[in-house]
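None of the values given here were measured: they were computed from a predicted structure.
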Amino acid sequence: MNEIINRFADAMQSSGLYCPDGVIPDGIIHRCKIEGDRGGKKNGWYALHLEGLPAGVFGNWKTGEQQTWCEKSSGQLTHKEKQAQYKFIEVVKIQRKNKIDAAHDAARQKASKLWNIATSVDMDHPYLQAKGIKPTVAKQLKKTLVLPLTDIKNNLHSLQFIFPDGSKRFLRGGKKKGCFTMLGKSFKTICICEGWATGCSIHETTEYSVVVAFDAGNLLSVAQAVRKKYSDSTIIICADDDYQTEANPGITAARTVAQAINGSLAIPTFGENRPMGATDFNDLHQYLGLDKVRYIINAALKQSKSQLNIESKVISDNQWPPILLPGTVKLPEIEADILPGWAGDMAHALATGLQVSEAATILPALSMVATAVQRRYEVAPRSDDFHIEPLCLWGLTILRSGSNKTQVLNALCEPLKRWEKVTGERLQKEITSTEATRRVAKKRIEKLETKAGNADEPDKREELRTQIRDEFEAMPKEMFLPRLMTGDVTPEQLQTMLTEQHERMALISDEAGVFQILSGQYTGGIANLDVFLQSYSGASVRIDRRSRQAVLEKPALTFCLMLQPGILQSAVNDRRFHDSGLLARFLYVIPEDRIGHRDVRKQMSIPDDIRQAWCDGLLDLLTDAESPGAEPIILTFTPEAQECWLDYAQKIENSLSSNGELCNLAEWGSKLAGTCARIAGLIQLVITGRSTQLVEVEAATRAIALCEKLTGHAKAAFQLLGADEIENDAHYLMRWIKENKLYEFNRSYAQKSLEGRFRKVNKLKLAAQRLHEWHVLSVEKKRDNKNARSSPYYMVNPALFDHSMNSP
């Protein structure tokens with residue numbers, strides 16, 4: 001146990017966190033120190049549990065960063081262990097949020113009490129004398145200056161305390177992000193700066209309103225709130241020039257914010273004899289006077305962004321080409337009414353009730369219809385025997401954890417489960433009787449075989465053989481409880497289930513178990529994919545092994561999977577998934593992510609009439625499904641529907657050419673016309689029920705419209721599944737850029753900040769080159785430095801910070 005705790009502590013220490021009093025492994029969040037914490041400050045946190053698989057998580061309250069830790073590497077974890085780890089992390093997230101919310105509430109109450117009892121400021125206060133400012137807005141508690149931290153609605157959240165020696169601290173547990181101190185009440189021109197003394201100097205000389213954000217990390221959230229409320233105001237971001245700090249975070253952050261909110265940028269200029277440590281406008285005030293401060297601020301009002309006194313030229317928004325990120329292009333919306341009648345109504349009601357995108361319900365709903373009719377119906381879009389498609393469907397919906405995947409599947413599967421239960425109960429007596437008859441027949445055959453073996457006379461043996469043959473012929477076929485679906489199955493077990501269940505089965509799951517089985521994770525890396533692949537196309541399967549034999553004439557298999565992108569990427573790393581063509585058989589949907597935008601008070605149940613119609617529709621399609629005919633019913637297309645489908649098939653064929661839209665997805669695209677015919681057949685069965693004989697033009701046009709939308713989703717899905725190492729590095733670098741709000745950065749600064757990922761500079765350069773190809777970064781530039789080597793740096797496309805763009 002101590003060894004595990006020590007390994008966890010080592011992982012924390014490598015990230016700059018440590019526990020002077022030791023780690024407490026009780027699964028609850030505890031505070032700890034981070035590098036730079038002094039006295040009793042504890043800006044780090046951790047949680048560790050030792051039950052089952054030891055796992056933990058730790059992070060930094062100040063930066064918001066966090067890391068997970070596990071006794072095993074991710075590749076060694078079983079599915080159950082991964083699920084347990086996910087649940088632990090979710091519990092810790094809730095604990096962390098509750099702690100933050102509780103701390104914020106307590107701080108608000110304390111701030112209000114302290115602010116109300118604070119008095120006016122003594123004009124001889126040492127800090128005022130040192131900074132040469134008037135105490136605008138401030139109050140005083142004993143010898144300490146007090147400043148209010150309010151939000152844009154003027155709600156008080158916290159306080160900043162400034163002591164006579166100039167040291168500062170915030171009220172413990174108080175909210176800071178997005179909070180500020182406002183100086184002045186004229187909002188035509190608003191200046192935003194980091195520190196209060198800086199703000200006082202600017203306000204005194206310009207009389208503009210000044211918003212004090214307290215530090216560079218809070219500038220953006222404060223500026224965005226101000227811009228939203230005062231949309232017509234001129235906003236000037238007044239930078240601190242942290243010239244002695246690598247990457248100059250003061251100017252970098254200020255420039256980023258100025259561009260993000262369409263503001264101007266003002267930078268203090270001290271000239272050649274700059275005093276040591278002078279960085280902000282209060283320092284400029286004391287060194288060169290208030291007139292110099294006013295001059296620079298007013299100059300910023302008159303100058304455009306390209307004329308500002310900045311170290312490098314910023315590329316304006318309209319000079320950048322649009323960003324083309326794999327997997328982040330806005331995907332086609334798929335609305336529930338693309339499905340007709342009771343299927344479309346259910347998809348819409350389910351999406352509304354669970355607050356998921358309607359796109360998340362489309363493939364699961366169609367898969368349930370396919371599960372009900374597969375092996376009993378087929379479609380012939382050309383009205384001949386040369387092109388016949390089974391009505392099974394392979395659908396994969398990609399959603400992250402917490403997106404209500406399980407609830408979607410449970411609601412849609414309900415009629416199928418009911419059919420299995422009711423039909424099983426109805427057939428139970430017949431199944432039991434048949435099994436008893438078979439057991440008796442087997443016993444009689446054993447006795448007859450014994451007698452035949454002991455018989456000396458040929459006539460007697462022949463008579464006994466005839467009796468044995470008659471017993472075999474009279475023995476009823478074995479019966480099994482009816483099953484329509486499973487959630488986790490090996491290839492061998494699937495063969496058995498297809499044999500027992502009239503050559504049809506559906507795999508319906510929101511877990512990655514089936515993909516782990518297909519990859520051979522539990523069989524030494526070897527998995528037989530043949531039965532899966534052949535059951536997609538309805539090809540016959542012959543199984544001849546020592547232990548068993550089976551013949552499947554037209555097996556039909558439907559996949560309905562809803563998986564997390566990370567799990568999916570991990571499961572399909574094996575090249576056999578790509579080489580076998582298995583992935584090319586799936587339809588893909590990547591719905592809009594609604595997590596973080598749902599109203600917890602608005603989750604609604606599905607209306608009874610819609611739920612009942614869905615149930616009645618599926619159960620009608622399942623009529624007599626326990627004993628399907630030997631041959632499926634073939635649905636042909638009407639002439640109008642056939643022409644419509646042929647036009648679309650030709651469009652697909654043209655797109656598979658070397659310069660066509662689907663040239664890089666040729667294997668997937670070559671199956672799209674057939675898949676479209678399958679979907680048209682399923683839609684027609686929803687419209688007209690099991691009396692269907694013809695696929696009409698409405699079903700064909702709906703299917704084509706859906707397939708055209710699914711094509712965009714498939715492109716994004718294959719980019720997600722085929723991400724290479726450089727692409728992964730590029731995404732990692734891009735996340736760092738976004739988290740730190742960098743509109744430009746030095747290559748050396750990036751490598752130092754991300755040294756755990758980019759130990760070699762070439763690895764970083766390749767990632768940056770990939771981001772350049774996606775129009776995220778400029779080409780590598782060189783910045784001249786006086787008496788030093790030039791510094792490689794990159795400019796960042798401002799569109800990267802557009803929150804309306806989907807992010808990986």
Side-chain angles (χ1 to χ4, degrees), residues 79 82-83 86 331 334 347 350-351 354 356-357 359-372 374 391-413 416-417 484-491 493-494 497 504-522 527 529 531-533 535-536 556-574 576-578 580-591 593 668 671 675 678-679 682 706 710 713-714 716-718 720-722:
H79 176 66
K82 286 182 179 179
Q83 293 302 310
Y86 296 150
L331 297 175
I334 307 178
L350 190 57
L354 293 176
V356 298
S357 167
T361 65
I362 299 300
L363 290 184
L366 272 176
S367 297
M368 302 307 153
V369 178
T371 300
Q374 62 181 349
L391 289 191
C392 52
L393 197 69
W394 287 23
L396 177 49
T397 304
I398 303 173
L399 279 167
R400 65 183 173 123
S401 178
S403 299
N404 292 330
K405 300 186 292 293
T406 302
Q407 291 90 326
V408 169
L409 292 182
N410 284 345
L412 293 174
C413 283
L416 305 182
K417 294 177 181 177
L484 294 172
M485 57 188 175
T486 183
D488 200 351
V489 65
T490 65
Q493 181 62 21
L494 176 61
M497 295 185 78
R504 68 193 175 191
M505 186 49 55
L507 274 74
I508 301 173
S509 178
D510 60 349
E511 302 291 350
V514 66
F515 267 75
Q516 292 165 342
I517 290 171
L518 290 172
S519 67
Q521 183 169 327
Y522 305 125
L529 302 180
V531 67
F532 292 91
L533 301 175
S535 297
Y536 169 86
L557 173 65
T558 284
F559 264 109
C560 177
L561 301 179
M562 301 185 79
L563 299 180
Q564 298 164 231
I567 290 177
L568 186 61
Q569 284 177 309
S570 175
V572 300
N573 280 339
D574 193 323
R576 286 172 298 175
F577 273 78
H578 300 269
S580 67
L582 184 139
L583 293 177
R585 287 163 166 77
F586 279 95
L587 294 172
Y588 299 89
V589 168
I590 306 177
D593 191 340
W668 183 86
K671 296 175 174 58
T675 301
R678 297 185 188 199
I679 293 174
L682 295 173
L706 176 56
L710 291 173
H713 287 258
F718 276 96
L720 175 69
L721 298 178

Nearest-0.5 Å distance, CG of residue Leu557 to CG of residue Leu533: 10.0 Å
Partner set under side chain to side chain donor-acceptor pair (under 3.5 Å) for Asn410, not counting sequence neighbours: none
Leu587 side chain reached by Ile679 side chain, heavy atoms, under 4.5 Å: yes
Side chain His713, main chain Tyr588, donor-acceptor under 3.5 Å: no
Asp510 side chain vs Lys405 backbone, donor-acceptor pair below 3.5 Å: no
Ala359: partners by side chain to side chain contact (heavy atoms under 4.5 Å, CB included), with sequence neighbours left out: Ile334, Ser357, Val589, Pro591
Non-hydrogen atoms of Gln374 and Cys392 that approach each other most closely: OE1-CB, 3.3 Å
Those residues that, when tested against Arg678, pass side chain to side chain donor-acceptor pair (under 3.5 Å) (two or more places apart): Glu389
Straight-line distance of Leu412 CG to Lys417 NZ, nearest 0.5 Å: 10.5 Å
Contacts of Thr486 that satisfy side chain to side chain contact (heavy atoms under 4.5 Å, CB included) - sequence neighbours left out: Arg483, Val489, Met497, Met505, Leu507
Check: Trp394 and Thr675 side chains under 4.5 Å, non-hydrogen atoms: no
Short side-chain to backbone donor-acceptor contact, Trp668 and Phe586, under 3.5 Å: yes
Smallest separation among heavy atoms of Cys413 and Met485, with atom names: SG-SD, 4.1 Å
Rounded distance [0.5 Å steps], CG in Leu710 versus CD1 in Ile590: 11.0 Å
Flag, side chain of Ser509 to backbone of Leu561, donor-acceptor distance under 3.5 Å: no
Pairwise distance CE(Met562) to CG(Asn404) - rounded to 0.5 angstrom: 9.0 Å
Heavy-atom closest contact (Val531 atom, Pro491 atom, distance): CG1-O, 3.8 Å
Residues 360-370 side chain polar contacts: donor-acceptor under 3.5 Å, at least two apart:
| unit_1 | atom_1 | unit_2 | atom_2 | d |
| --- | --- | --- | --- | --- |
| Thr361 | OG1 | Ala347 | O | 3.3 |
| Thr361 | OG1 | Glu358 | O | 2.8 |
| Ser367 | OG | Leu363 | O | 2.8 |

By side chain to side chain donor-acceptor pair (under 3.5 Å) - contacts of Thr371 (at least two apart): none
Close side-chain approach of Phe559 and Phe532, heavy atoms under 4.5 Å: yes
